[in-house]
Amino acid sequence: MKEMKFETKVIHVGGEPDPTTGAIMPPIYQTSTYVQSSPGEHKGYEYTRSHNPTRSRLEECLASLENAKHCLVTASGLSASTLIMHMLPKGSKIVCGDDVYGGTYRLFSKVFPDIHHYKFVDTTNLKKLEEQVLAEKPALIWIETPTNPLLKISDIAVISAMAKKIGALTVVDNTFMSPFFQNPLDHGADIVLHSVTKFINGHSDVIGGAMMMNSQDLRDKLFFLQNAIGPAQSPFDSWLVLRGIKTLAVRMKAHEQNAMKVADYLDKHPKVERVVYPGLKSHPQYELGKKQMRGTGGMITFYIKGGINESRKFLENVKLFALAESLGGVESLVDHPAIMTHASIPREVREGLGIFDNLVRLSVGIEDCDDLIGDLENAFSKI
Ligand code: P1T
């Protein structure tokens, strides 16, 4: 059969009817363990921390969406990141993008600094990055692209090639684009990581993570650690993601359509200082985005004219946009990175990057766009 298109894979890979009953929806194997006929003789499943048939279906689907040979689904995005860090020999050097999710920054700067050495650098500046990589000789380069929350775009192909030259691994956190808009392994990355909690699940009812890779060796090392350390996703959560993922393609198109209109609206608004959205020509890496992404996604960051008081007024008055951490669900969310998702980054570091008190992040949902813009307009009128 011809290679299936994305819209078909999300529904059919891992979504095959149950062979024993014909049930069109896969069963939830809500079990912790599996019966063995003789010690060590089983049907490939021993214990749900290591394997579960519902999770295996999700892994099969996610691997196909990232054009990967393997996928491991974990209990959260951060637990996937943790496993990658445990895979590196003690004392490894890691070059990490300077603008990453606050929880990733916290993990690297507060949990692992006694084990590894981290350098946070601007991975959009390739010349400077190359100098730093050649000087540091890191074991791993970690990029989020586009970044959370500033939506900076890094060149996956160039950075992966740079890493390969010195024998380093490249990890790309692809959470913001989802596999629908970007496939980092196709550009040379070694591991692609997702917070499944976000667009992949899409319904704000699951926490999960995933790592996709082509190397059997990387897969085996990470699988060993997942089993040994224990952050496995529950069968019910895997089933919910299998359900949510079926609409990933239609949802991503709708997120993008709405986000483009909202970005245009904000761009013209007299109370907005600056809008950052990969679909706006004013985005500093607009051309690179067009080269490595198939779309521009549902995330927008903008600066309100003023400071914390103006931000608070705006955030207290939105109604459809819920003021909450997280992103990527069908419903629109709004976040204040400095106080909420990126609070664990020290103020001077945060402000050095451009995460000020007047920065607002939108996860544009798939509601009617006029209703969303009406909600924003009403909140702006209260400032
Ligand atoms: O929340 P968890 O599933 O553990 O995923 C962590 C994570 C990893 N990578 C990126 C790019 C992320 O945005 C996140 C989680 N982010 C939020 C909760 C947030 O509101 O930004």
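Whatever order the structure lists them in is the order used to number ligands and atoms, beginning at 1.
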Show me the pairs that pass ring pair (Phe, Tyr, Trp, His ring centres under 6.0 Å) and involve residues 202-248, at least two apart or across chains.
H51-F223
Enumerate the ring pair (Phe, Tyr, Trp, His ring centres under 6.0 Å) contacts for residues 157-185, please, sequence neighbours excluded, ordered by first and then second residue.
F6-F180
Less than 3.5 Å apart, N/O on ligand 1 and N/O on the protein: could you list those pairs with the distances?
{"unit_1": "ligand 1", "atom_1": "3 (O)", "unit_2": "G77", "atom_2": "N", "d": "2.9"}
{"unit_1": "ligand 1", "atom_1": "3 (O)", "unit_2": "S195", "atom_2": "OG", "d": "2.9"}
{"unit_1": "ligand 1", "atom_1": "3 (O)", "unit_2": "T197", "atom_2": "OG1", "d": "2.7"}
{"unit_1": "ligand 1", "atom_1": "4 (O)", "unit_2": "G77", "atom_2": "N", "d": "3.1"}
{"unit_1": "ligand 1", "atom_1": "4 (O)", "unit_2": "L78", "atom_2": "N", "d": "2.9"}
{"unit_1": "ligand 1", "atom_1": "5 (O)", "unit_2": "S195", "atom_2": "OG", "d": "3.0"}
{"unit_1": "ligand 1", "atom_1": "9 (N)", "unit_2": "D173", "atom_2": "OD2", "d": "2.6"}
{"unit_1": "ligand 1", "atom_1": "13 (O)", "unit_2": "N148", "atom_2": "ND2", "d": "2.9"}
{"unit_1": "ligand 1", "atom_1": "16 (N)", "unit_2": "K198", "atom_2": "NZ", "d": "3.2"}
{"unit_1": "ligand 1", "atom_1": "20 (O)", "unit_2": "S326", "atom_2": "N", "d": "2.7"}
{"unit_1": "ligand 1", "atom_1": "20 (O)", "unit_2": "R361", "atom_2": "NH2", "d": "2.9"}
{"unit_1": "ligand 1", "atom_1": "21 (O)", "unit_2": "N148", "atom_2": "ND2", "d": "2.9"}
{"unit_1": "ligand 1", "atom_1": "21 (O)", "unit_2": "R361", "atom_2": "NH1", "d": "2.8"}
{"unit_1": "ligand 1", "atom_1": "21 (O)", "unit_2": "R361", "atom_2": "NH2", "d": "3.4"}

Side chain T247, main chain R251, donor-acceptor under 3.5 Å:
no
Residue list, side chain to side chain contact (heavy atoms under 4.5 Å, CB included) with D220, at least two apart or on another chain:
Q216
Determine the interplanar angle of the Y118 and F120 rings, folded into 0 to 90°, and report it as parallel if under 30°, tilted if 30 to 60°, perpendicular if over 60°.
parallel
salt_bridge(D98, K152) N-O dist < 4.0 Å:
yes
